[in-house]
Engineer: 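Could you have a look at this structure, given as structure tokens, before my questions?
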Amino acid sequence: MLETNKVTIKFGGLTAVNEVSIRIEPHKITALIGPNGAGKTTLFNCISGVYVPTSGEVILNGEHLEGKRGFQICKAGIARTYQVINLFWKMSVLENVLVGMESHLKANFWDSLFCTKRKREEEARILEKAHELIRFVGLEDYAYASAASLSYGKQRLLEIIRGLASEPEIILLDEPAAGMNTAEKAELDTLLKKILDMGVTILVVEHDMKLIMDVSDYIYVLCNGKLLAQGTPEEIQNDPEVIAAYLGGDE
């Protein structure tokens, strides 16, 4: 579904990502792990249009994405969340989810100006879907509360469903468990599997190894901007190079 082919990203004399090639299979959860500074979020930024690769290719279902802007990549079928939560803080939970649907709206300026039947029907449809997504993550009691009033864990959930609101084929989750407590991580584990059941493919960056080993079908390991290893969770847990570089030493 999604692949990067020898993607390299340089910032002046610093090579943040060095010829990284990964393949994301549909209807699976693929994880991207590695130490801080390994280049994980930089690669995410390249896939989602924040950065243009210095060289290499980013391909979704045969379509080249390198050089396209973020809204174009969203329309192509990729949504994402951010390492630092990036919501519209003064807007309600419902309004944040509605923003995520903008890329697929059909009504035009004249429909909005004259409140045409198409506009009214589309508004009813997206409101119904927005409430459905809010219920999907258990935030129905907070639909009209501001995003800023939510707990940290619920803000993470809101950012995920805002991404799902754009009806993506694949969603990129950048450290979704960061700052969550044990109970919230257990809920996130369940949510990721429910998202997969919806038919949405997941690529996740995460430092919580228990979560990653539980939910992932396949794992890529980055270290110093290069691909260090790849394999199933069991293979990664037993890879000597990964253990030495990331998972806790030689033992």
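None of the values given here were measured: they were computed from a predicted structure.
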Engineer: Looking only at heavy atoms, what is the nearest atom pair of L222 and A38, with distance?
Structural biologist: O-CB, 3.4 Å

Engineer: I'd like to know if the side chain of S21 and the backbone of K6 have a donor-acceptor N/O pair within less than 3.5 Å.
Structural biologist: yes

Engineer: Can a donor-acceptor pair be found, under 3.5 Å and without considering hydrogens, that links the side chain of Q155 to the backbone of L150?
Structural biologist: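 Pair found, side chain donor or acceptor close to backbone of L150.
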
Engineer: Taking atom CD of Q230 and atom CG of L32, what is their separation to the nearest 0.5 Å?
Structural biologist: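 Result: 11.5 Å between the selected atoms.
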
Engineer: Taking I202 as the starting point, is it possible to reach V205 by hopping between hydrophobic residues whose side chains are less than 4.5 Å apart?
Structural biologist: no

Engineer: Between S216 and I29 (side chain of the first, backbone of the second, donor and acceptor by atom type, cut-off under 3.5 Å), is there such a pair?
Structural biologist: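 Flag not set: sc S216 to bb I29 has no pair under 3.5 Å.
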
Engineer: Do the non-hydrogen side-chain atoms of L158 and V97 ever get within less than 4.5 Å of each other?
Structural biologist: yes

Engineer: Determine whether V221 and E241 make a side-chain contact, defined as any pair of heavy atoms from C-beta on separated by less than 4.5 Å.
Structural biologist: no

Engineer: Give the minimum heavy-atom separation between N181 and E184, together with the two atoms involved.
Structural biologist: OD1-N, 2.8 Å

Engineer: Closest heavy-atom contact between L196 and H27?
Structural biologist: CD1-C, 3.7 Å

Engineer: Set out, in order, the CA-CA distance, both residues' side-chain angles and the distance that settles side chain to side chain contact (heavy atoms under 4.5 Å, CB included) for L127 and L94, then state yes or no.
Structural biologist: CA-CA 8 Å; L127 274 171; L94 177 62; 4.0 Å; yes

Engineer: Should the ring pair H131 and Y144 be called parallel, tilted or perpendicular, given that the plane angle runs from 0 to 90° and is split at 30 and 60?
Structural biologist: tilted

Engineer: Do L173 and I219 sit in one hydrophobic cluster, given that two such residues count as connected whenever their side-chain heavy atoms are within less than 4.5 Å of each other, even indirectly?
Structural biologist: yes

Engineer: Judged by atom type as modelled, is there a donor-acceptor pair below 3.5 Å linking the side chain of K40 to the main-chain atoms of G34?
Structural biologist: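 Side chain of K40 to backbone of G34: a pair is present.
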
Engineer: Under 3.5 Å, side chain of Y152 to main-chain N/O of A178, donor-acceptor pair present?
Structural biologist: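 Between the backbone of A178 and the side chain of Y152 there is a qualifying donor-acceptor contact (under 3.5 Å).
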
Engineer: Nearest 0.5 Å, what's the OG-CG distance between S48 and D174?
Structural biologist: 9.0 Å

Engineer: Taking atom NZ as the centre, does K129 end up with more than 12 heavy-atom neighbours from other residues, nucleotides or ligands that are less than 6.0 angstrom away?
Structural biologist: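 Atom NZ in K129 is crowded, with more than 12 foreign heavy atoms closer than 6.0 Å.
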
Engineer: Between E57 and E66 (side chain of the first, backbone of the second, donor and acceptor by atom type, cut-off under 3.5 Å), is there such a pair?
Structural biologist: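 Here the side-chain-to-backbone pair does not exist.
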
Engineer: Sequence neighbours left out, what passes salt bridge (charged side-chain N to carboxylate O under 4.0 Å, His left out) with K193? Give chain and number order.
Structural biologist: D189, D214

Engineer: Hey, is the main chain of L203 close enough, under 3.5 Å, to the side chain of T30 for a donor-acceptor pair?
Structural biologist: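 Here the side-chain-to-backbone pair does not exist.
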
Engineer: In plain terms, say whether K185 and E206 are close enough for a salt bridge, that is, a side-chain N and a carboxylate O under 4.0 Å apart.
Structural biologist: no

Engineer: Should T42 and F11 count as side-chain neighbours, where that means a heavy-atom distance under 4.5 Å?
Structural biologist: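 Contact flag for T42/F11 side chains = yes.
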
Engineer: State, with a plain yes or no, whether a side-chain heavy atom of L188 is found less than 4.5 Å away from one of I160.
Structural biologist: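 The answer is yes, as the side chains (C-beta and beyond) meet within the 4.5 Å cut-off.
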
Engineer: For a quick test of reading the model, state the closest non-hydrogen atom pair linking A177 to L211 and the distance between them.
Structural biologist: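 Scanning both residues, the minimum pair turns out to be CB-CD2, 3.8 Å.
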
Engineer: To the nearest 0.5 Å, how far apart are OH in Y220 and CG in L43?
Structural biologist: 11.0 Å

Engineer: Give the minimum heavy-atom separation between L98 and I126, together with the two atoms involved.
Structural biologist: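 Closest approach of L98 to I126: CD2-O, 3.8 Å.
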
Engineer: Give a yes or no on this: more than 12 heavy atoms of other residues, nucleotides or ligands lie within 6.0 Å of atom CZ of F44.
Structural biologist: yes

Engineer: If you define the side chain from C-beta out and look only at heavy atoms, does anything of Y218 sit under 4.5 Å from I24?
Structural biologist: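 Side-chain contact under 4.5 Å: no.
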
Engineer: Which atom pair, heavy atoms only, marks the closest approach of P26 to M1?
Structural biologist: CB-CE, 3.6 Å

Engineer: Establish whether V50 and I171 are linked, either directly or via other cluster members, by ILVMFWY side-chain heavy-atom contacts under 4.5 Å.
Structural biologist: no

Engineer: Could you give the distance from SG (C223) to CG (N18), rounded to the nearest 0.5 Å?
Structural biologist: 12.0 Å

Engineer: Run the side chain to side chain contact (heavy atoms under 4.5 Å, CB included) test on Y82 and V84 for me, step by step, so that the C-alpha distance in whole Å, both residues' side-chain angles and the decisive distance to 0.1 Å come before the verdict.
Structural biologist: CA-CA 5 Å; Y82 292 85; V84 177; 5.5 Å; no

Engineer: Just by distance, do the side chain of T15 and the backbone of G225 share a donor-acceptor pair under 3.5 Å?
Structural biologist: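 Such a contact is absent between T15 side chain and G225 backbone.
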
Engineer: How many angstroms lie between atom CG of L164 and atom CD1 of I195, to the nearest 0.5 angstrom?
Structural biologist: 4.5 Å

Engineer: Enter the distance from I170:CD1 to L2:CG here, rounded to the nearest 0.5 Å.
Structural biologist: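 Rounded to the nearest 0.5 Å, the CD1-CG separation comes to 4.5 Å.
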
Engineer: Does any N or O in the side chain of E159 come within less than 3.5 Å of the main-chain N or O of R156, such that one atom is a donor and the other an acceptor?
Structural biologist: no

Engineer: What I'd like to find out is whether the side chain of I236 reaches to under 4.5 Å of the side chain of M213, using heavy atoms alone.
Structural biologist: yes

Engineer: Distance-only, no hydrogens or angles: does the T54 side chain make a donor-acceptor pair with backbone N or O of K10 under 3.5 Å?
Structural biologist: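 Yes: the side chain of T54 pairs with the backbone of K10.
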
Engineer: Is there side-chain contact between I73 and V58, with at least one heavy-atom pair below 4.5 Å?
Structural biologist: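 Counting from C-beta outward, I73 and V58 never come under 4.5 Å.
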
Engineer: Would you find more than 12 non-hydrogen atoms of other residues, nucleotides or ligands less than 6.0 Å from N224 atom CG?
Structural biologist: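 At most 12 heavy atoms, drawn from other residues, nucleotides or ligands, come within 6.0 Å of this atom.
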
Engineer: Report yes if the side chains of E132 and I161 come closer than 4.5 Å at any heavy-atom pair, otherwise no.
Structural biologist: no

